[in-house]
Amino acid sequence: MKLILAIIATSYLSKTALAFTPSGFNNVRSTTALNAKVGIYYSTQTGNTETVAGYISAAAGLEIADIGDASDDEVAGLDSIIVGAPTWHT
């Protein structure tokens, strides 16, 4: 999991990756082109997972939230969920 997140973060920060991004890259949207409700949630111990969740949210144009702050109804109302969790000492 750390490797996948590291690859995503590296490609996000890479200048060559920016050449392949849509022109509206900095626009924040709350749904996808299919109007699906998507949530990005994270849990962190050191802040690294939150940082990577921020990279993913910027690329996807979605907002992030700590999973501890999410209600059951909020999560149940989503079509897709992206979750980042720490892997330190687990």
Any heavy-atom pair between the side chains of Ser57 and Ile40 that's under 4.5 Å? yes

Please tell me if the side chains of Val75 and Tyr41 come closer than 4.5 Å, counting only heavy atoms from C-beta onward. yes

Asp79 (side chain) donor-acceptor with Val38 (main chain) under 3.5 angstrom: no

Which distance, rounded to the nearest 0.5 Å, do you find between the CG of Asp66 and the OH of Tyr42? 4.5 Å

Sequence neighbours excluded, the answer for side-chain contact (heavy atoms from CB on, under 4.5 Å) partners of Thr51 is Tyr55

Scanning both residues in full, the closest heavy-atom pair of Asp69 with Glu74 reads O-OE1, 4.5 Å

So which atom in Gln45 and which in Pro86 form the shortest heavy-atom distance, rounded to 0.1 Å? CG-CG, 4.1 Å

Nearest 0.5 Å, please: how far is CG in Leu78 from CG in Asp73? 11.0 Å

Working to the nearest 0.5 Å, report the span between CD1 of Ile56 and OG1 of Thr49. 10.0 Å

